[in-house]
Amino acid sequence: MDDLRKIKIAEVEELRLKGYNPYPYKFEKTHSNREIKEKYSKLENGQTVEEDNVNVAGRVMTIRYHGKSSFFVLKDSEDRLQIYINQNAVGKERYELFKEHIKIGDFVGVKGFPFKSKTGEVTVFTKDIEILSKAIRPMPEKWHGIKDKEIIYKQRYVDMIANDASIKNFKIRFEIIKAIREFLWQKGFVEVETPVLHHLTGGASARPFVTHLNVYDINMYLRIALELYLKRYIVGGFEKIFEIGKCFRNEGISYKHNPEFTMIEIYQAYADYNDMMDLTEEMISYVVKKVLNTEKIVYQGVEIDFSRPWKRIKMRDFIAEKLGVDILEDPEEKLIQVLEKYDSVPEIKDRGHLIEKLWDLVEDEIVQPTFLMDYPVEISPLAKRHREDPRVTERFEPIIFGREIGNAFSELNDPVDQLQRFLKQQELRNMGDEEAQMLDLDFVRALEYGMPPTGGLGIGIDRIAMFLTDSPSIRDIIPFPTTKPDEEVAKEYEDILNVNKT
RNA sequence: GGGCCGUUAGCUCAAUAGGUAGAGCAACUGAUUCUUAAUCAGUAGGCUGCAGGUUCGAUUCCUGCACGGCCCA
């Protein structure tokens, strides 16, 4: 155990002996820091409002001592507020308490009245002060904050204490989710829930996490997508539904990928993928405007304009334009030739995988919000065949800054075709493609009871949050990203753990 | 999985053609009743990520490992 902690723990005991509770139960907070700042912003410099009693509370961030008077700064969930305290006003006993035992990092409650300092800062004049919680760890550096990524990700609470920008990013994230809910509720969608534990995974191409259900002694998977259960709702009679929830993919971690991430999926009966394109651009531009009060953002130095309408282009046309190859008509040998030039021939060389690789070569060239339409049937096992060309499906992905932010189709509701598609996926699995989808016979059976024509849409919430916060890494907008376990923390408590053993 | 970079005080960072580690903030002791990165004087704080190697001597050079970051698959 480290010395500073020992001293602080001793101080906590000392406070108790002196009759103060270092961890009291409650404080009657009447105003947030922001409310104080807004309400009293128009005071003249030096003007006081002694008749207004305000109770504020928060964490002490800095203290500026001046002998028998001091200024300090309280941080609450919204803002920072300056507090003034002097011995004449609070009495010697309270001022001694402040000077000796209220330190940076502690939570305090202040009762007083507002005034504006000579230099023009809205400040609360302390009439009474109490400790609300003693911190026994040193706070990070007050000016530079925390820069060590390991601390930032593994001890996010420290990052949030020190770096106001992190809190701001998380607030934007949660406002995005709130705006999506608002939008969909206004449109008459019902928010539903589906299981996280699945007997089979489906709805996406990804490796799942495996877990064990003791009571049935069976392995189960954490969901990789919401899709197949949401469609069961549509079979059952729901017409407009959505779910926002965590999905889990047991794959690499990168600036774009976290093993658990947040998806929204939306299903609308009697709609097709054209309707879903309209819904997507309407919803996303609504959210961007609601959260940032503009439709144009700058992401990593590039301006992105979310205003409607978004561009709509066919995958076949786009790849033909960029690579001079027709993904539907040209023989597979020609596709391979092109891929060889870029040294990215896939292991499994069927047309679907070849096309996917070709697309990977050019996706960076789409920057502004664009719907890339009509994916080949081989790589779209849950999408309905195109009404004009059965080699492709009525599927699109919204692309922004070269990244897929979602996936949508006219949902496949022909149970016989669906079973065939699943069997194709089985073949791929047998060929070693661990990401191919599992055969979900109960889902086929559900479709056999009849699912109305349906448009479906999934969007990665994390990716949207990255754009709206200008974050280069997904870890910057996931409050507690997946990390390796923190071995250091056990070392910090080694003494105590060893003492308890003996 | 491969390549490159990093790891020094609680935090943010210095340093050395190999010669026993410094600053600011935080902490501690004083001074200071309108400051705001307050100021001034002083004190304390380090197995330089871990384990080996080379050397009279390693924080510095070499190897391996751990953790992190960036790029690639």
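Proteins get letters first, then strands, A, B, ... in listed order; numbering begins at 1 in each.
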What is the pairing partner of rC50(B), taking Watson-Crick or G-U wobble pairs with both distances under 3.5 Å in any strand?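 rG64(B) - that is the nucleotide pairing with rC50(B), both distances being under 3.5 Å.
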Using OP1 and OP2 only, check whether a side-chain N or O of [X] sits under 4.0 Å from [N].
{"X": "Arg64(A)", "N": "rA38(B)", "answer": "yes"}
{"X": "Lys142(A)", "N": "rA38(B)", "answer": "yes"}
{"X": "Lys484(A)", "N": "rC67(B)", "answer": "yes"}
{"X": "Lys149(A)", "N": "rG6(B)", "answer": "no"}

Taking the same atom, P, in rC71(B) and in rC56(B), what whole-Å distance lies between them?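 Here rC71(B) and rC56(B) have their P atoms 44 Å from each other.
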Could you check whether [X] gets within reach of a base, just the sugar-phosphate, or nothing at all, counting any heavy atom under 4.0 Å?
{"X": "Tyr65(A)", "value": "base"}
{"X": "Glu121(A)", "value": "base"}
{"X": "Phe125(A)", "value": "nothing"}
{"X": "Gly46(A)", "value": "nothing"}

Side chain of [X], heavy atoms from C-beta onward: which of [options] has the nearest atom to it?
{"X": "Tyr255(A)", "options": "rA38(B), rC71(B), rU12(B)", "answer": "rC71(B)"}
{"X": "Leu4(A)", "options": "rU35(B), rA27(B), rC25(B)", "answer": "rA27(B)"}
{"X": "Ile146(A)", "options": "rC67(B), rG69(B), rC11(B)", "answer": "rC11(B)"}

Which residue, Lys18(A), Lys134(A), Lys6(A), forms the salt bridge (Lys or Arg N to Asp or Glu O under 4.0 Å) with Glu11(A)?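 Passing option: Lys134(A).
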What are the residues of residues 67-87 of chain A, sorted by number, that bring a heavy atom to within less than 4.0 Å of RNA chain B?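 Listed by number, they are Gly67(A), Lys68(A), Ser69(A), Phe71(A), Gln82(A), Tyr84(A), Asn86(A).
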Looking at side-chain heavy atoms only, is the closest gap between His31(A) and Pro114(A) below 4.5 Å?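 When only atoms from C-beta onward are counted, Pro114(A) and His31(A) do not touch, as no gap falls below 4.5 Å.
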Side-chain donor/acceptor contact of Asn88(A) with base of rU33(B) under 3.5 Å: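 Side chain to base: pair present.
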Where do Phe409(A) and Arg395(A) come nearest, in terms of heavy atoms and distance?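 Scanning both residues completely, I find the closest heavy atoms to be CD2-CG, 3.4 Å.
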